[in-house]
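The structure appears below as structure tokens.
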Amino acid sequence: MTATVKTSYGVAIRDGFAHLLAKHPKAFVMGQGLWSPWYVGNSMTNLEIEFGKERVIDVPVSEVATTGAGIGAALSGYRPIVVHPRVDFMMLAVDQIVTQAAKWRSMFGGDMSVPLVIRGIINRGGEQGAQHSQSLQSWFAHIPGLHVLMPATPRDARDMLIAATLCDDPVLYMDDRWCYELEEELPPAEDVSINDIAPLRRRTGKDITLVGCGYTTKLNLEAAELLAAQGIEADVIDLRLLNPLKPALVHESAAKTGRMLVVDGDWRSCGLAAEIIAGVAERPELRAVVHCARITHPDAPAPTSKPLEQAFYFTAADIVREARTLCGR
Amino acid sequence: MTATVKTSYGVAIRDGFAHLLAKHPKAFVMGQGLWSPWYVGNSMTNLEIEFGKERVIDVPVSEVATTGAGIGAALSGYRPIVVHPRVDFMMLAVDQIVTQAAKWRSMFGGDMSVPLVIRGIINRGGEQGAQHSQSLQSWFAHIPGLHVLMPATPRDARDMLIAATLCDDPVLYMDDRWCYELEEELPPAEDVSINDIAPLRRRTGKDITLVGCGYTTKLNLEAAELLAAQGIEADVIDLRLLNPLKPALVHESAAKTGRMLVVDGDWRSCGLAAEIIAGVAERPELRAVVHCARITHPDAPAPTSKPLEQAFYFTAADIVREARTLCGR
Amino acid sequence: MNQSLTSLADAKAHHEPIAFGHADPVPFVQALHSMVRIRRAEECIAENVATGVIKCPCHLAIGQEAAAVGVAMHLRSTDRAFGAHRSHAHFLAMGGSLDGLFAEVLGRDTGVSRGMGGSMHLAAKEVGFYGSVPIVGASIPIAVGAGLAAQMDKKGDVGVSFFGDGAAEEGSFHESMNLASVMNLPVLFVCENNMFASHLHISLRQPKNVVARYAVAHAMAHATVDGNDIVAVWSALKDAAAAWRAGTGGPFFLEAVTYRWLGHVGHRDDQDVGVARKDDLSDWKGRDPVRRLAESLATVGALSPKELAAMESAISDEVATAWAKALTQPFPDPSALLSRVWAK
Amino acid sequence: MNQSLTSLADAKAHHEPIAFGHADPVPFVQALHSMVRIRRAEECIAENVATGVIKCPCHLAIGQEAAAVGVAMHLRSTDRAFGAHRSHAHFLAMGGSLDGLFAEVLGRDTGVSRGMGGSMHLAAKEVGFYGSVPIVGASIPIAVGAGLAAQMDKKGDVGVSFFGDGAAEEGSFHESMNLASVMNLPVLFVCENNMFASHLHISLRQPKNVVARYAVAHAMAHATVDGNDIVAVWSALKDAAAAWRAGTGGPFFLEAVTYRWLGHVGHRDDQDVGVARKDDLSDWKGRDPVRRLAESLATVGALSPKELAAMESAISDEVATAWAKALTQPFPDPSALLSRVWAK
Ligand SMILES: Cc1ncc(C[n+]2csc(CCOP(=O)(O)OP(=O)(O)O)c2C)c(N)n1
Ligand SMILES: Cc1ncc(C[n+]2csc(CCOP(=O)(O)OP(=O)(O)O)c2C)c(N)n1
Ligand SMILES: [Mg+2]
Ligand SMILES: [Mg+2]
């Protein structure tokens, strides 16, 4: 009898890097903090020792140059993964991500590939405040030409990093520090294609559809257990790929349950949650039968003080409450 | 009998600047191209001659520094208007706009004011291509702490600039070069409060609600005329203030007509059009009665070649077609 | 210019007491008080980070006090200064409230940012400290805007930006330097070059270790000094400050070479230290800006050992009292989350 | 270093023919061909902008041809170069297709970017030109990434960035210079300093007019030359190019001082010109890089007047033929809008 070995989300990311660096000679990583013992949690520990500082490159405090250099290396046949330890820092490089990388193929006629991964870590809470807590997946999911992936499980954390790196287009890969302790038993790492990544039903239920991605999938699953204890069975849909959206499974589920609660750890207005609801509402056959609601952050910058953080960040209990309202109970 | 004097949208913007610079000693303007005879259309002609180069400041090609300097001057009691001749250039300063200006008040406890206006000009078409055609109002309307205004008429172009500048919070003011030739008779300029800016019904109709802002309001009004000729009377709602949204009038209109077509000159996914539809869909009493659809740009970067531009930019005819479908005709 | 810091970067150099030269020692007694007070306050914060009483990330500047205080000696409350992630010292040196700082790192409603910002977002407009923010380089252009406002105001004020050597790698730094230079704005750029950006030594981030070489490129007056010698810091700014007050001053770049004793963030000195750090730390402690100034004041007879002891114990009392008081402060009401976003 | 361009900025200086010095004149016959071809092509574009046949914004580099061609003489197809908004000359100098350029500015499906990009988005991977983009400064870090790839490839290639004096005001420029310098990457930074960014003279945008002062700050080898003297441009790069090919080269910054004859955008020479422009233009035409090279080649007997005339007429024919052909090319199918966004 062998003991089950579980891998955490953080370590699974590291496994993804290790797979890529071992199997794919053109893959390399650059970003701030890569030679630090603590910068990016346990998600990159000792990679520079295992694979060399030429392939795991720590860089100056220069988000624009680092991101742009990733584009240039990608155009030169490499498969760079540019790491931004916080989405907030990545924002300095918005032009490179949105106006350069995402548009390069189209602008030059369709044949120039930018196989670049941008890893933007969502790292919030802990009284870090307004400038260290943004996720903004809604922004990037708005941009044609940019794939956006948000892993919710250790398996996805690893495999989506691999898929992102093997993709011939730029991919924004957003992992969430609040998921790092999740654990799962993993099969050996293999190459994965981004074409195979689509929304997944993580739990089956007939009464309500809970839609989320990344950390909110974790919350939705917790909420689903609490709801089950109250006799409400939730279908939990994990979006996984935010851009380009593949809404079919969401629609199928919503048609089945007649109630859809979209939970997103970003702001409300013009956000991902609005998109999911609009996608249902603009389809007459769905609109007729699906009640919709959304949970997002309140319309405020993230605060620091603990009681305000508690008011800012929703929990499974909030999802349960909103789900019950939607179910009329 | 005096002849009617009409003012164009471009000149109305200039009138707004002239009013502010004449009446408000703390107002000043900085940005690229302000001393150029052509950079920003006819919207700032000779302002530097009339009000001096100390108050109408042309700057180096440095979007971050210019925007940040606006914040610093605003914190110091001035009312700067920072001009970015294209939204695409403004994107380089996203950190300053979103992570600094929009959050400064909240981060420091509520009492620090940043009365800054960012003027981001939407300047597209004309085979300028992917990097000179973005508008991205959906991005900025997503950010708590940042007002977003989009004028659709000469009157609004002038008055919203004034309101933005007199506002004690940062305001993104987005005018559209495609509106510059619109003309209107204007009363004399006066001080305006941003609190008085809310969505406006620009045309009354019972059959369908057309929602837009800025240039799409112009298109919606054109489409409404064409629809009227076909026996469909459209209610045309001009959003004007995109953040924070005030959706009441949209909802009132949609409840009345039972059909809502949202038209937005930005991309679809996680966009403004999705927000407007979600706002209806999440209200059970509206969801039950309102059919929804949206028109946005296709999911592609803006092209240059004329036939592709024609495929990219929708027209009043597209609105008419979609509106008829929604009305079942 | 010399593109190497030479002995200024040498942990074993400059341990001797500070030379007053032509400077009057008397004002430096008050400066010492400010430095000791900053150190005790940060030590108090460090202890409470260690025990988990403070939860927000705290970047401490223990070992770097002379730069903050030496600069602040030239500033007045109508100036407008901006800091970064490591700005407790700047805030206190300029006269920000100790009670307000402590309450803020504890997330209390009476904190200087009313519990919205924590350690990384401090402000005290009444003393001219207009805000510190942790996005590296982000407040540099904002300080330039304050300089532009000062130029328009014509009252002899100056915009001030405190930042680190790492910030010089951000584009915002260069754009700001150029704008201040070409517009000849009264802006003081204070770069505390502690040779590290979090774990990474400057030699791994920049080709040379003198940050002031960028001032040369941007055609800006500048000085590079021992940042642990408060008289050197103070002296370097004398002429520039006189020019600002006379309404004729342009931008000035001050590089204060120094070293932080603790980790990048938090209370430990053996963590996230990066290359070449561990060996250096004890030597750098020999260049302690506080001890050196105290010894110098004693030598010239401006502060007796007894007076020093009295100063230190008064400060310890003040800090202990302030901390105890902070712990009693109320948290903000949850409604504060939404009520502080927009102007009333 | 000298922080002023002195005579290099003087419109009345450097009108004399080019001195070959130790350089072999023969390769410059081909260079002259390239320069004349670029000029004729841009003149053709200017005419068709004037008549409205070309609708996309075109930024022409007439008067600046020597920089593009002098640099390209050192490049090979495995290098990777990037341009900006004014890059017809870079594209053609490196061997990009004239047919493809003309078709592109007309928005045709056979254009080098298949009608998706127009004048401001040109690429020709097969000759090492990897793309030009009009966001000022945006392609500089991308070229650094190409240099990083070249360093990893160990084949002696180089990443190349073409940009203007205005781009040196963008943060991206400085971040890129620092990264290339600290990593010692094979990157060639080519700054065509034409002293204007659209309407604004460099004196209103930067405190000094020598852009290479930033190379000093970033500790990078550099040269500032008369950008209208192709031998000077070429010579300045000889050693750096040899080092790249040997796999030992790091970054190099070349500043080519030059002047554009037309407006910032479009075909007119009396538009959007800004301060001090009008007076200078006729003098600057006296520093014509094409005429000066032609005269020099004639003087040393490398190209007779007859040969020159033959060259010019062959080029005129080629350009006319290419233009006529471009006008017959098909437009892209509307489906191309969506089918070219993602990899197949
Ligand atoms: C834009 C941005 N990038 C990265 C970070 C992460 N970060 C926080 S502090 C720091 C190092 C800054 O070094 P320096 O400017 O020298 O200041 P010091 O910490 O030495 O005082 C970094 C990289 C950040 N906060 N913001
Ligand atoms: C980020 C950005 N800001 C502003 C502009 C507008 N713009 C286009 S070209 C230009 C001037 C660039 O000057 P320079 O780099 O010297 O190149 P030149 O035109 O002289 O060749 C400006 C400001 C832009 N395209 N991108
Ligand atoms: Mg430092
Ligand atoms: Mg130029």
Side-chain angles (χ1 to χ4, degrees), chain B residues 31-40 48 53 57-68 84-96 123-134 267-269 297-314, chain D residues 54-58 85 103-109 111 113-121 133-138 164-173 197-200 202 204-207 263-266 271-275 330-342:
Chain B
Q32 284 172 45
L34 302 200
W35 301 343
S36 146
W38 58 275
Y39 224 105
V40 289
E48 84 281 13
K53 289 191 170 180
I57 306 170
D58 207 328
V59 295
V61 196
S62 307
E63 286 76 13
V64 174
T66 306
T67 310
H84 295 289
R86 274 198 176 78
V87 174
D88 310 79
F89 311 159
M90 183 177 84
M91 303 296 290
L92 277 73
V94 148
D95 173 72
Q96 290 294 322
N123 185 352
R124 54 191 163 186
E127 303 196 9
Q128 296 180 97
Q131 300 193 329
H132 278 51
S133 305
Q134 296 180 94
W267 288 297
R268 187 179 197 81
S269 189
H297 291 316
D299 281 333
T304 52
S305 183
K306 215 28 111 209
L308 299 185
E309 277 200 334
Q310 277 156 8
F312 188 78
Y313 293 109
F314 49 79
Chain D
I54 295 175
K55 302 222 177 335
C56 70
C58 291
H85 55 291
E104 189 58 38
V105 298
L106 286 167
R108 308 303 167 107
D109 199 39
S113 299
R114 306 200 61 189
M116 309 304 289
S119 159
M120 302 195 292
H121 301 97
V133 290
I135 295 295
V136 171
D165 48 305
E169 293 146 26
E170 290 286 2
S172 58
F173 164 73
S198 55
H199 61 298
L200 222 54
I202 191 167
L204 296 169
R205 300 180 283 111
Q206 298 181 28
H264 169 63
V265 61
Q271 210 180 339
D272 57 75
V273 285
V275 187
F331 285 101
D333 186 87
S335 67
L337 184 62
L338 293 176
S339 67
R340 293 170 181 170
V341 179
W342 306 98

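The chains referred to below are lettered A, B, ... by the order of the sequence lines, with proteins before strands, and numbering in each begins at 1.
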Check your understanding: CZ of B:F89 to CD of D:E170: how many Å apart, nearest 0.5 Å?
Key -> 9.5 Å
**Study point:** Interatomic spacing from OG in B:S305 to CD in D:E104 - rounded to 0.5 Å
**Key:** 8.0 Å
Engaged part of [X] at the chain B interface, taking heavy atoms whose separation is under 4.5 Å:
X	value
D:M116	both
D:D333	backbone
D:Q206	neither

Taking all non-hydrogen atoms of both residues into account, name the closest pair between [X] and [Y] and its distance.
X	Y	value
D:H199	B:G33	CE1-CA, 3.3 Å
B:P301	D:V341	CD-CG2, 3.9 Å
B:W35	D:L204	CZ3-CD1, 4.3 Å
D:L338	B:P298	CD2-CB, 4.0 Å

**Study point:** Residues which pass side-chain hydrogen bond (donor to acceptor under 3.5 Å, both in side chains) with B:Q32, listed by chain and number, not counting sequence neighbours
**Key:** B:E63
Review point. Sequence neighbours excluded, which residues qualify as side-chain hydrogen bond (donor to acceptor under 3.5 Å, both in side chains) partners of B:E48?
Key: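 None.
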Exercise for review: Output yes when a side-chain donor or acceptor of B:T304 lies under 3.5 Å from a complementary backbone atom of D:G115, and no otherwise.
Suggested key: yes
Review point. Do you know which of B:E127, B:H132, B:Q128, B:K306 makes side-chain contact (heavy atoms from CB on, under 4.5 Å) with D:C56?
Key: B:E127
Check your understanding: For B:D88 and D:I135, what are the C-alpha separation, side-chain angles and deciding distance, and is it a side-chain contact (heavy atoms from CB on, under 4.5 Å)?
Key -> CA-CA 8 Å; B:D88 310 79; D:I135 295 295; 4.0 Å; yes
Point to revise | B:D58 vs D:L200 side-chain heavy atoms within contact, under 4.5 Å | key: yes
Review point. Are B:Q131 and D:M120 side-chain neighbours, meaning at least one heavy-atom pair lies under 4.5 Å?
Key: no
**Study point:** Selection from D:A168, D:S119, D:G107, D:P134 maximising heavy-atom pairs under 4.5 Å formed with chain B
**Key:**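 When all of D:A168, D:S119, D:G107, D:P134 are compared, D:P134 has the most.
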Review point. Out of D:P334, D:G166, D:P57, which one racks up the most heavy-atom pairs below 4.5 Å with chain B?
Key: D:P57
